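Working notes, beginning with the structure itself.
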Amino acid sequence: MIVNGTAYRSIWYKAEIDQVQIIDQRWLPHEFRIADLETVEEFATAIADMWVRGAPLIGATAAYGMARQMLRDPSDTSFQETYDLLHATRPTAINLKWALDRCAAILLPMAQTDRGQAAMALAAEICDEDVAINASIGRHGYEIINKIAKGKSGGEPVRLLTHCNAGWLATVDHGTATSPMYCAHDAGLPIHVWVDETRPRNQGALTSWELGHHGISHQYITDNAGGHLMQHRLVDLVITGTDRTTRKGDVCNKIGTYLKALAARDNGIPFYVALPSPTIDWTVTDGIAEIPIEDRNDREITHVWGRGQDKKVTEVQVTPEGTSVGNPAFDVTPARLVTGLITERGVCEASADGLARLFPDLNSA
C-alpha cells in the first residue's frame, strides 16, 4: 500500500543492506518509523511488544526470525530453541504456530548447510502468499459490498463498520477486513467506514491512518458507539478480521468483536469475517473452550500513548494509582452470529461444512 506516495509492505528484506525491515507500529499513527530486525531476540521482542501485530504479519515475522537465525546457526538445537522462543511470544494468533510448523516441515529434513538460504526463501514465499491471499479476499468481499451498493440510490455510500485493525499493517499487504474496502474504493464505489477505536491499544487509529492515506471516507468512533449506529440504520455491513477460527467457524478476534456481532444480529445487519486460510485452526472445535486468550500487560490499560501539545509523542497515565486491571486481548464470536466468512477461495457460511467445502485439502477431519 501507499504511504506518502511510496509503496510499502509491513515487512520486507532489503538485500542491499542485508536487513529484514519492518514498519515499527508502536509509533503510528503519529510517526512513521522503520526498524531493522536482526537477532532472534529482536524478532521475538517485535512480536511480543507489538512492533508488529496482526495474525498474518506475526506469522511472517516469525518466519523471517527463524530464517535469520538459521543463517547464523542452522543446527537442530538452534532451530528448536528459536521455535520455542518465537512460539511463546503471542499465544492466540494461530498464524504464528502455522508459520513455524511450516518452517519445521521444510527445513528440518534438509542438510543443515542448506537451511539458511532455504529459510530466507521460505519467509519470502510466506509473505508473497499472504499478499495474494489478501488480494483475493478483497475481490470476494468486493462482491458483497457491490451488491449492497446496487440497492442504494443517489450515490449514497455503503456504510461499513470494522473493529481493530485488520488492515495492511496487520498483514504483509492489502489487509483482510480492509481489502474489500480498498477494492470497492478503487472500483469507484462510494463507501464510508466507521472505525472503532478498539481500546486499549487504539488500533482503530491505525485503520484511520491507512484509510486516510488511501483517500477513503471514514470516521473514528468510540467502541461503544457501534450499537447506536446500527440501531439508527447507519451501518450496512460489519467486516472484521480474525486471529484464529475453529473448524466449525467460531471466530477469535480482538476484544469487543463479540459485542459488535451481538449488536449486528439484534439489528439485522450482516456480520462478515475476513478469513485467510492460515488463520483456521483445524484442531479446535469449540472456540470459547479451547482457544487460549492472551492476557496482556496492565500498562496497556493504565496508560495511553499520544501526541501532546508540544507535538511530542508521550505516554500518560489514565487510571488512579493502585487500580486493579484486567486486560484480555481477544474474545470469541460463536459461528451462529457470523453471517459468512470471506476467504481467498470465496465466501462460505461459518460452519464445519462451509469451511470443509472450500478447503477440502486442508480439512484434517
Side-chain angles (χ1 to χ4, degrees), residues 1 54-57 59 94-95 98 127-152 157-168 170-193 207 210-211 214 216 235-251 253 257 260-261 264 269-280 282 333 335 337-363:
M1 304 302 288
L57 179 54
I94 195 60
N95 300 61
W98 170 86
C127 288
D128 289 343
E129 285 180 6
D130 181 68
V131 175
I133 285 172
N134 297 330
S136 185
I137 286 173
R139 290 189 292 271
H140 292 299
Y142 163 81
E143 296 299 333
I144 298 171
I145 298 173
N146 189 36
K147 184 176 180 180
I148 296 173
K150 289 179 178 178
K152 297 280 186 175
V158 177
R159 297 158 301 185
L160 305 104
L161 185 144
T162 191
H163 188 69
C164 193
N165 172 254
W168 70 266
T171 67
V172 180
D173 207 349
H174 296 292
T176 56
T178 59
S179 190
M181 301 173 192
Y182 292 131
C183 283
H185 175 79
D186 293 348
L189 293 183
I191 65 171
H192 179 79
V193 184
T207 303
E210 285 189 31
L211 297 176
H214 208 74
I216 295 177
V235 178
D236 298 305
L237 174 67
V238 180
I239 307 179
T240 75
T242 174
D243 288 81
R244 187 186 301 210
T245 298
T246 72
R247 63 185 301 110
K248 289 189 174 182
D250 295 340
V251 175
N253 194 51
T257 303
K260 293 301 180 297
I269 294 167
F271 180 95
Y272 281 88
V273 174
L275 173 64
S277 59
T279 315
I280 305 170
W282 297 100
T333 299
L337 298 177
V338 179
T339 305
L341 303 171
I342 309 170
T343 81
E344 69 267 27
R345 295 186 185 178
V347 180
C348 70
E349 64 180 21
S351 68
D353 289 343
L355 287 169
R357 176 176 57 81
L358 284 186
F359 300 99
D361 53 322
L362 302 180
N363 182 13

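Because the structure is predicted, anything quoted here is derived from the model rather than measured. Excluded from the calculations below are hydrogen atoms, water molecules and symmetry mates; all remaining heavy atoms, backbone and side chain alike, are included. Heads up: numbering here begins at 1 and tracks the sequence.
- Here the CG-CG distance, from Leu57 to Asp173, works out to 11.0 Å after rounding to the nearest 0.5 Å.
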Determine whether Thr178 and Thr162 satisfy the following criterion, side-chain contact (heavy atoms from CB on, under 4.5 Å), listing intermediate values before the conclusion.
CA-CA 8 Å; Thr178 59; Thr162 191; 5.6 Å; no

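- Inter-residue side-chain proximity for Val347 and Leu341 is flagged as unmet; no heavy-atom pair is nearer than 4.5 Å.
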Going through the distances and angles, do Thr171 and Thr176 end up as a side-chain contact (heavy atoms from CB on, under 4.5 Å)?
CA-CA 7 Å; Thr171 67; Thr176 56; 3.9 Å; yes

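- The nearest pair of heavy atoms linking Ile342 to Gly141 is CG2-N, 3.7 Å.
- A salt bridge between Arg244 and Asp250 is absent, with no side-chain N of the basic residue lying under 4.0 Å from a carboxylate O of the acidic one.
- Under the 3.5 Å distance criterion, with hydrogens and angles disregarded, a donor-acceptor pair is assigned to the side chains of Glu210 and Asn165.
- Side chains of Thr333 and Asn253 form no contact here, defined as non-hydrogen atoms less than 4.5 Å apart.
- No hydrogens or angles considered: a donor-acceptor pair under 3.5 Å links the side chains of Thr279 and Asn95.
- In this structure, Val158 and Leu189 have side chains that are not in contact, with every pair of non-hydrogen atoms separated by 4.5 Å or more.
- Note that the CE atom of Met181 and the CG atom of Leu237 stand 7.5 Å from one another [nearest 0.5 Å].
- Counting heavy atoms from C-beta on, the side chains of Tyr272 and Leu160 never come closer than 4.5 Å.
- Contact detail for Ala166 and Ala170: the closest heavy-atom pair is CA-CB, 4.2 Å.
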Should His140 and Thr343 be marked as a side-chain contact (heavy atoms from CB on, under 4.5 Å) after you check the CA-CA gap, both sets of side-chain angles, and the distance that decides it?
CA-CA 8 Å; His140 292 299; Thr343 81; 5.8 Å; no

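- We find the CG-CZ distance between Asn363 and Arg357 to be 12.5 Å, quoted to the nearest 0.5 Å.
- For NZ of Lys152, the number of neighbouring non-hydrogen atoms (other residues, nucleotides, ligands) closer than 6.0 Å is greater than 12.
- Looking at Phe359 and Glu344, their side chains come closer than 4.5 Å, going by heavy atoms from C-beta outward.
- The OG atom of Ser351 sits 10.5 Å away from the NZ atom of Lys248 when rounded to the nearest 0.5 Å.
- If you take NE2 on His185 and NE2 on His214, they are separated by 5.0 Å, rounding to the nearest 0.5 Å.
- Ile216 places a side-chain heavy atom less than 4.5 Å from the side chain of Ile191.
- At least one side-chain heavy atom of Tyr182 sits less than 4.5 Å from a side-chain heavy atom of Trp168.
- Closest heavy-atom contact between Asp236 and Pro157: OD2-O, 3.9 Å.
- When every heavy atom of Gly249 is checked against every heavy atom of Leu355, the shortest pair comes out as N-CD1, 4.0 Å.
- Taking 4.5 Å as the limit, some side-chain heavy atom of Trp282 sits within range of a side-chain heavy atom of Leu362.
- Side-chain contact, His174 with Asp130: no donor N or O sits under 3.5 Å from an acceptor N or O.
- Using a 4.0 Å cut-off between charged nitrogen and carboxylate oxygen, Asp361 and Arg345 count as a salt-bridge pair.
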Evaluate side-chain contact (heavy atoms from CB on, under 4.5 Å) for Leu161 paired with Lys260, printing each intermediate quantity in order.
CA-CA 9 Å; Leu161 185 144; Lys260 293 301 180 297; 4.1 Å; yes

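- Once rounded to the nearest 0.5 Å, the distance linking CD1 of Ile137 with CG of Leu275 reads 7.0 Å.
- Of all non-hydrogen atoms in Ile145 and Pro180, the two that sit nearest each other are CD1-O, 3.6 Å.
- In terms of heavy atoms, Ala274 sits closest to Thr242 at O-CG2, 3.6 Å.
- Using modelled atom types, one side-chain atom of Thr207 and one backbone atom of Cys164 make a donor-acceptor pair closer than 3.5 Å.
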